[in-house]
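This report refers to the structure that appears directly beneath it.
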Amino acid sequence: MAKIPIDIQGGSIRQADAIYGIDLGTTNSLVSIVRDGKPVLLRSDQGSKALVPSIVHFSSSAEIIVGDQAKRLLITAPERTIYSAKRLLGKSFDELEETRSALAYSIVPGKTEEDLVKLAIDGRYYSPVEISAEILKHLRQVVKQSTGEEMNRAVITVPAYFNDSQRQATRDAGRLAGLDVVRIINEPTAAALAHGIGIGAHDRQRVAVFDLGGGTFDVTILEIDAGVYEVLSTQGDTHLGGDDMEEAVMSYWVQQYDLGELDAEGRGELRIAAEEVKRELSLKSEAESSFRGQQLKLDRKTFDGLIKAMIERSIESCLKALSDAELTAGDIDKVLLVGGSTRVPLVRDMVEKTFGRKPDTSLDPDAAVALGAAVQADILAGNNPDVLLLDVTPLSLGIETMGRLMDTIIPRNTKVPYTARRQYTTSVDGQVNLRISVYQGERDLVDDNRKLGEFVLSGIPPMPAGIPKIEISFILDADGILQVSAAELRSMTVQSVKIKPSYGMSEEEMAEMLLDSLQHAEADVALRKRLEAINELRLLIQASEKFAKQNAANLSSDEATQLSDSLSRLRAVMDSSADEIQAAITQHDADTRAIAERMMDVHIATSLQGRGIDSAE
């Protein structure tokens, strides 16, 4: 990003990057975005499938392979191929006691409590966060191949019951993948958004979202009223999903066909066969697959018997969720099925029996969460006026720049949460401290706005003006809390302050500030134009004086006089109008261009003195 001098108010706010929606799933992951008002799944140029298997393979040469290619390596190199990493996020070694035995790869305790668990491959150790980050990096490639754009900002979905540790781990994975994670949202809310529930409607609805994916299950009761989504209750199981169904099929086959003790490679091959049969049994009454030259069969009745206890566990969670919400099944207006495992006919039958209504199957259950994440991303980007969000920032937020001008960073009516960053630099050589004053209001001068607070970025390494890279970040969360931070990027010197921008200000005060901004709009524009011109003039005078001092030995007497006279003319117009100042700046440029060009030639000749052309770099 180009630097903007901190004492010059110039240009408009940089256009924010598009925000994408990501379903970071246990079995598969997807990425989506809203195009022409509708959410669409993105596909890479490697194939037509939008689903990216959430599988990461580490080759012996340290190459990292993600997706379909990695899935194929589950058979030939299972000990190097990581799947179901989502089940490991935010988990300790002890919590994974039952899971560890079913995995072909090795899980070891982390060195510290914060490390939780690590995955061991060839003496190297990876955290579940790093594995998830590799999947997210691959999704960035999918976006690049599909749209030609970079995915820098995203909404990532998580199960509703994910605890803080798991949510933070998901956010950390996004950051590690180079993403600005704008929001972590619950998968049930995303699913409801994907179905269009609550968008443009004003009637209250109660919705049950039954989400059975590859490795996790949750059921959430939502109340949606005028576009506001409230979670009434949620229940779930981080170890219940399609993976467990496949494990049951594998165990049945091992016993039925006397397959004996399987090595890691055999388990990987058998798992893929079980997944294929499970998928086929959603469409027909009998299916089969080959395993090392042997045909393995399974009919739907037997399959239902293998998984019935699992589905009953999910139904128990549904009844508990209804009880927690103080509702009965008859109070539910709509039931949504989410997750690929809800294609299983027994699942659909038992859900329908429990809630007394046929579930909504209008959307691909694999795609619903990702599509909803894109809708949420579009809302956060401010592109969907039909959805009512819980809050917006009532007045613009910004900082003071030279001339007591207000540089707006977050405009009023921006939907929250929202993050904005801008880069500045210094205008004085050797500047080591920078005072950042934060204001709220619509006027161009900070004197006419409300000061929220200030802090000092200290410890900036002394450098020539224009060299430091100072990034100021405004992070406005859903609670209206503003986090302002400033960092000198070359030295990573950082300071920050928390501010509550809307507290302590009445609606009347806000209305008065808005009215003042309208009444003084024309005068404010003229004043801003003049102050910006004065700021530019001051910088030009400083730069010209520095140029004259540095080049005094090489300037002829005529050139020195010409430069001095031009500087005098600049100083004389300091109190003039914006147009007169701009005219003087233009004239100064014309008067001194030839001098500047000759000094450049002198410096180049000096630097090359005594050297051949071939040695010049």
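No hydrogens, no waters, no symmetry mates; every other heavy atom, side chains included, goes into these values.
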What's the shortest heavy-atom distance between [X] and [Y], and which atoms?
X: Pro468; Y: Met463; value: CG-CE, 3.7 Å
X: Ala190; Y: Val369; value: CB-O, 3.6 Å
X: Met151; Y: Leu179; value: O-CD2, 3.3 Å
X: Leu119; Y: Ser127; value: CD1-C, 4.3 Å
X: Asn433; Y: Gln431; value: O-NE2, 3.1 Å
X: Lys86; Y: Glu187; value: NZ-OE2, 2.8 Å

Using atom types as modelled and distance alone, determine if a side-chain donor or acceptor of [X] lies under 3.5 Å from a backbone N or O of [Y].
X: Arg435; Y: Leu457; answer: no
X: Thr592; Y: Ile595; answer: no
X: Thr147; Y: Val143; answer: yes
X: Glu488; Y: Lys469; answer: yes
X: Ser437; Y: Ile399; answer: no
X: Ser576; Y: Glu580; answer: no
X: Ser568; Y: Ser564; answer: yes
X: Ser473; Y: Ser485; answer: no

**OP:** Could you tell me which residues satisfy ring pair (Phe, Tyr, Trp, His ring centres under 6.0 Å) with Tyr126, sequence neighbours excluded, listed by chain and number?
**Re:**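 In terms of ring pair (Phe, Tyr, Trp, His ring centres under 6.0 Å), with neighbours along the sequence ignored, Tyr126 is linked to Phe58.
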Subject >> Test ring pair (Phe, Tyr, Trp, His ring centres under 6.0 Å) applied to Phe474 - qualifying residues, sequence neighbours left out >> reply: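 Phe474: no ring pair (Phe, Tyr, Trp, His ring centres under 6.0 Å) contacts found.
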Do [X] and [Y] touch side chain to side chain, with heavy atoms closer than 4.5 Å?
X: Ile156; Y: Leu136; result: yes
X: Ile64; Y: His57; result: no
X: Tyr20; Y: Leu139; result: no
X: Leu30; Y: Val52; result: no
X: Leu537; Y: Val573; result: yes
X: Val456; Y: Leu434; result: no
X: Ile472; Y: Arg422; result: no
X: Ile379; Y: Val375; result: yes

Nearest-0.5 Å distance that lies between atom [atom1] in [X] and atom [atom2] in [Y]:
X: Ile131; Y: Ile121; atom1: CD1; atom2: CD1; value: 6.0 Å
X: Ile19; Y: Asn152; atom1: CD1; atom2: CG; value: 11.0 Å
X: Ile585; Y: Ile541; atom1: CD1; atom2: CD1; value: 8.5 Å
X: Gln542; Y: Ser544; atom1: CD; atom2: OG; value: 10.0 Å
X: Asp444; Y: Asp407; atom1: CG; atom2: CG; value: 10.5 Å
X: Lys118; Y: Glu130; atom1: NZ; atom2: CD; value: 5.0 Å

Just to verify, what does [X] make a salt bridge (charged side-chain N to carboxylate O under 4.0 Å, His left out) with, not counting sequence neighbours?
X: Arg571; result: Glu545
X: Glu134; result: Lys137
X: Glu149; result: Arg35
X: Asp180; result: Arg153, Arg421

Partner residues of [X] under the side chain to side chain donor-acceptor pair (under 3.5 Å) criterion, sequence neighbours left out:
X: Ser566; result: His588
X: Glu559; result: Ser556, Arg598
X: Gln562; result: none
X: Gln69; result: none

Original post:
Can Glu150 and Lys144 be said to form a salt bridge (Lys or Arg N to Asp or Glu O under 4.0 Å), step by step?
Top reply: CA-CA 6 Å; Glu150 294 288 345; Lys144 183 70 173 179; 3.3 Å; yes
Original post:
What's the verdict on side chain to side chain contact (heavy atoms under 4.5 Å, CB included) for Tyr439 and Leu397, showing C-alpha distance, side-chain angles and the deciding distance?
Top reply: CA-CA 6 Å; Tyr439 285 82; Leu397 297 162; over 6 Å; no
**OP:** Show your working on side chain to side chain contact (heavy atoms under 4.5 Å, CB included) between Met599 and Leu555 and close with a plain yes or no.
**Re:** CA-CA 8 Å; Met599 289 303 101; Leu555 291 171; 4.1 Å; yes
Original post:
side chain to side chain contact (heavy atoms under 4.5 Å, CB included) between Leu563 and Phe547: does it pass, once the steps are laid out?
Top reply: CA-CA 10 Å; Leu563 185 56; Phe547 175 86; 3.9 Å; yes
Subject >> Partners passing side-chain contact (heavy atoms from CB on, under 4.5 Å) against Ser54 (at least two apart in sequence or in another chain) >> reply: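 Counting only residues at least two positions away or on another chain, Ser54 forms a side-chain contact (heavy atoms from CB on, under 4.5 Å) with Ser29, Ile135.
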**OP:** Please identify each residue that fulfils side-chain contact (heavy atoms from CB on, under 4.5 Å) with Lys546, with sequence neighbours left out.
**Re:**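 Once residues adjacent in sequence are excluded, the partners of Lys546 under the side-chain contact (heavy atoms from CB on, under 4.5 Å) criterion are Asp429, Gln550.
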**OP:** May I ask you to say whether Asp589 pairs ionically with Arg593, meaning some side-chain N is under 4.0 Å from a carboxylate O?
**Re:**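 Judged by the 4.0 Å cut-off on N to carboxylate O distance, Asp589 and Arg593 do form a salt bridge.
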**OP:** May I have the step-by-step check of side chain to side chain contact (heavy atoms under 4.5 Å, CB included) for Thr157 and Asn186, ending in yes or no?
**Re:** CA-CA 6 Å; Thr157 63; Asn186 292 334; over 6 Å; no
Original post:
Just one of Ile33, Leu193, Val34 clears the side-chain contact (heavy atoms from CB on, under 4.5 Å) bar with Asp378, so which one?
Top reply: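 Between Asp378 and the candidates, side-chain contact (heavy atoms from CB on, under 4.5 Å) is satisfied uniquely by Val34.
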